[in-house]
Amino acid sequence: MISRTGLLGRLACTGMVALLLGGCAVHYQGLTMTGSPQTAQWKYWEAPASGAFLCLAAPSGTPVYAHPGNNQPIMGYARDVVAFAGIQEGKWISIVYYDARMGWIDGLLIRPYGDVHPGHKCVADRDWQQRPVFYRN
């Protein structure tokens, strides 16, 4: 269950991304493998310089879930890049999957594209069916 503060933060973040195409900062409390709470953290993803989505590097084969959480149905698996849809719930981030549905991946596994591929750029845009299209150099 999402706390009122978490829900308000998520809605504010979603609105900020959707309306201003700005970055998104989300406050969340992570859990260790034993389930004990860690120090609360802020994660900030900048808005894309160009394109419809922020292009992020992901390990190939990362599961894409229908909803946030490891125990959710798996929609498929990420390739080496994902299109960030602008919503984060705890460690889970929303992406636009290859068939234009929104999916969720473990945000601790992803990195900025330029950090993983120094000197290269990636732009995530949309095709006419609203599916993400990646332009990389």
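Predicted model, so just to flag it, every value in this text is computed and none were measured.
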Tyr65 meets the ring-ring contact (aromatic ring centres under 6.0 Å, His included) criterion, sequence neighbours left out, with Trp92

Between the NE2 atom in His67 and the CE atom in Met75, the distance rounded to the nearest 0.5 Å is 9.0 Å

Are Phe84 and Tyr98 grouped together when hydrophobic residues (ILVMFWY) are joined by side-chain heavy atoms under 4.5 angstrom apart?
yes

Partners passing side chain to side chain contact (heavy atoms under 4.5 Å, CB included) against Asp127 (at least two apart in sequence or in another chain):
Gln129, Arg131, Val133

Is there side-chain contact between Tyr135 and Asp125, with heavy atoms separated by less than 4.5 Å?
yes

Point-to-point distance, once rounded to the nearest 0.5 Å, from CD1 of Ile110 to NZ of Lys91:
12.0 Å

Grouping I, L, V, M, F, W and Y whenever their side-chain heavy atoms are under 4.5 Å apart, do Ile87 and Leu109 come out in a common cluster?
no

Work out which heavy atom in Leu108 is nearest to a heavy atom in Asp106; give both atom names and the distance.
N-OD1, 2.9 Å

When Ile, Leu, Val, Met, Phe, Trp and Tyr are grouped by side-chain heavy atoms lying under 4.5 Å apart, directly or through other members, which residues fall in the same group as Phe53?
Val96

Side-chain donor/acceptor pairs under 3.5 Å, residues 54-62, sequence neighbours excluded:
| from | atom 1 | to | atom 2 | distance (Å) |
| --- | --- | --- | --- | --- |
| Thr62 | OG1 | Pro59 | O | 2.6 |

Not counting sequence neighbours, list each pair that qualifies as a side-chain hydrogen bond (donor to acceptor under 3.5 Å, both in side chains) and has a residue in residues 69-87.
Asp80-Arg136

Consider only side-chain heavy atoms of I, L, V, M, F, W and Y, link residues closer than 4.5 Å, and tell whether Ile74 and Met102 are in one cluster.
yes

Which residues satisfy the side chain to side chain contact (heavy atoms under 4.5 Å, CB included) test with His120, sequence neighbours excluded?
Tyr113, His117

Over all atoms of both residues, closest heavy-atom pair of Phe134 and Cys122:
CD2-SG, 4.0 Å

